Student: 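Mind having a look at this structure? Questions to follow.
Fair warning: this is a prediction, and the values are worked out from it, not measured in the lab. In this chain, numbering begins with 1 at the start of the sequence shown.
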Amino acid sequence: QVQLVESGGGLVQAGGSLRLSCAASGRTFSYSAMGWFRQTPGKEREFVAAINWSGDTTYYADSVEGRFTISRDNAKNTGYLQMNSLKPEDTAVYYCATFKSTDYGNSPPGSWGQGTQVTVSS
């Protein structure tokens with residue numbers, strides 16, 4: 001099973017940027033789709049973005065389309081989420097996950113990280 005560790009969260013003002021990283025252990029990362037989700041207290045975890053195994057297909061929630069960019073470096077076993085033009089409503093704990101398939105949408109997440117807090121002040 002892949003183990004995932006997120007980093008890069010923090011406090012930023014509205015309009016600012018952050019880049020989250022997701023470091024993976026295990027050889028299966030390179031063959032798995034991965035994604036980012038977020039959760040606020042009392043709400044369901046929601047999808048943010050996903051990327052297929054090779055990095056050439058990406059998916060975004062409508063709320064972040066055009067502001068966030070997901071990417072991956074399989075040589076480094078690391079995924080990224082570049083977040084620009086941040087809004088207070090982006091405040092949440094962000095989780096990365098890998099899927100048991102090469103593309104998003106074909107299987108549920110198989111592994112989760114522990115999460116990293118992103119707080120956007122107005």
Side-chain angles (χ1 to χ4, degrees):
Q1 187 169 353
V2 177
Q3 293 190 337
L4 305 172
V5 178
E6 301 97 336
S7 61
L11 173 64
V12 64
Q13 289 189 331
S17 300
L18 283 175
R19 188 174 85 152
L20 305 183
S21 298
C22 176
S25 64
R27 290 179 290 177
T28 59
F29 175 81
S30 299
Y31 308 107
S32 302
M34 67 156 295
W36 290 91
F37 296 76
R38 65 188 182 187
Q39 189 171 24
T40 54
K43 292 190 176 180
E44 296 277 328
R45 191 170 297 187
E46 66 173 3
F47 168 77
V48 175
I51 189 167
N52 74 333
W53 72 278
S54 63
D56 59 9
T57 305
T58 57
Y59 309 84
Y60 295 96
D62 290 343
S63 58
V64 306
E65 180 86 53
R67 300 188 297 121
F68 290 11
T69 303
I70 189 172
S71 62
R72 65 190 299 161
D73 185 339
N74 287 342
K76 295 182 178 180
N77 264 17
T78 302
Y80 304 97
L81 184 67
Q82 177 67 43
M83 305 186 295
N84 299 329
S85 302
L86 282 161
K87 304 175 181 180
E89 51 264 43
D90 293 319
T91 295
V93 177
Y94 283 71
Y95 299 89
C96 67
T98 56
F99 296 86
K100 297 179 180 178
S101 60
T102 56
D103 202 0
Y104 172 67
N106 296 333
S107 69
S111 298
W112 292 93
Q114 83 290 349
T116 185
Q117 176 71 46
V118 172
T119 303
V120 184
S121 63
S122 57

Student: Which heavy atom of V2 sits nearest a heavy atom of S111, and at what distance?
Tutor: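 Closest approach of V2 to S111: O-OG, 3.0 Å.
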Student: Return all side-chain donor-acceptor pairs below 3.5 angstrom for residues 10-24, not counting sequence neighbours, or 'none' if the list is empty.
Tutor:
from, atom 1, to, atom 2, distance (Å)
S17, OG, N84, OD1, 2.9

Student: Measure the spacing between CD of E65 and OG1 of T58 and express it to the nearest 0.5 Å.
Tutor: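 One gets 7.5 Å once the value is rounded to the nearest 0.5 Å.
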Student: Under the disulfide (SG to SG under 2.5 Å) rule, what pairs show up with a residue in residues 61-94, not counting sequence neighbours?
Tutor: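 Every pair satisfying disulfide (SG to SG under 2.5 Å) with a residue in residues 61-94: there are none.
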Student: Please round to the nearest 0.5 Å and tell me the distance separating atom OG of S30 and atom CG of D73.
Tutor: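 One gets 9.0 Å once the value is rounded to the nearest 0.5 Å.
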Student: For the atom pair CZ (R72) and CG (N77), what is the distance rounded to the nearest 0.5 Å?
Tutor: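 Going from CZ on R72 over to CG on N77, the span is 8.5 Å.
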Student: Judged by atom type as modelled, is there a donor-acceptor pair below 3.5 Å linking the side chain of S107 to the main-chain atoms of K100?
Tutor: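 Flag set: sc S107 to bb K100 pair under 3.5 Å.
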Student: Can you find a pair of side-chain heavy atoms, one from P109 and one from Y95, that are under 4.5 Å apart?
Tutor: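 The answer is no, as the side chains (C-beta and beyond) never meet within the 4.5 Å cut-off.
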Student: Report the residues that fulfil side-chain contact (heavy atoms from CB on, under 4.5 Å) with A33, sequence neighbours left out, ordered by chain and then residue number.
Tutor: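 In terms of side-chain contact (heavy atoms from CB on, under 4.5 Å), with neighbours along the sequence ignored, A33 is linked to F99.
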Student: Counting N and O atoms only, with roles assigned by atom type, does the side chain of Q39 sit under 3.5 Å from a partner on the main chain of A92, one being a donor and the other an acceptor?
Tutor: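 Checked: no pair found.
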Student: Has Q3 got more than 12 heavy atoms of other residues, nucleotides or ligands less than 6.0 Å from its CD?
Tutor: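 No, because the 6.0 Å sphere around CD of Q3 holds 12 heavy atoms or fewer from other groups.
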Student: With side chains defined as the heavy atoms from C-beta onward, is the minimum distance between S7 and T116 less than 4.5 Å?
Tutor: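 No, every pair of side-chain atoms sits at 4.5 Å or beyond.
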Student: Which distance, rounded to the nearest 0.5 Å, do you find between the CD1 of I70 and the CG of N52?
Tutor: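 Going from the CD1 atom of I70 to the CG atom of N52 covers 10.0 Å.
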Student: Return the minimal non-hydrogen interatomic distance between S71 and I51, and the atom names on each side.
Tutor: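 Heavy atoms only, the tightest pair is CA-CD1, 3.7 Å.
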Student: Grouping I, L, V, M, F, W and Y whenever their side-chain heavy atoms are under 4.5 Å apart, do Y94 and F47 come out in a common cluster?
Tutor: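 No, separate clusters.
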Student: Give the minimum heavy-atom separation between G79 and M34, together with the two atoms involved.
Tutor: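 Nearest pair, atom of G79 first, then M34: CA-SD, 3.6 Å.
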Student: Could you work out, with side-chain hydrogen bond (donor to acceptor under 3.5 Å, both in side chains) as the rule, every residue matching Q117, not counting sequence neighbours?
Tutor: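 side-chain hydrogen bond (donor to acceptor under 3.5 Å, both in side chains) list for Q117, sorted by chain: T119.
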Student: Hey, could you give me the CG/CH2 distance between N74 and W53, rounded to the nearest 0.5 Å?
Tutor: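 The CH2 atom of W53 is 8.0 Å from CG of N74, to the nearest 0.5 Å.
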Student: If every non-hydrogen atom of Q114 is compared with every non-hydrogen atom of L4, which pair is closest and at what distance?
Tutor: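 That closest heavy-atom pairing would be OE1-O, 3.7 Å.
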Student: Filter on salt bridge (Lys or Arg N to Asp or Glu O under 4.0 Å), then keep only pairs touching residues 34-60, sequence neighbours left out; what's left?
Tutor: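 Non-adjacent pairs meeting salt bridge (Lys or Arg N to Asp or Glu O under 4.0 Å): R38-E46, R38-D90.
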Student: Enumerate the residue pairs fulfilling ring-ring contact (aromatic ring centres under 6.0 Å, His included) with a member in residues 57-81, sequence neighbours excluded, ordered by first and then second residue.
Tutor: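 ring-ring contact (aromatic ring centres under 6.0 Å, His included) check on residues 57-81 returns Y59-Y104.
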Student: Hey, mind stepping through W36 and C96 against side-chain contact (heavy atoms from CB on, under 4.5 Å) and telling me if it holds?
Tutor: CA-CA 4 Å; W36 290 91; C96 67; 3.8 Å; yes
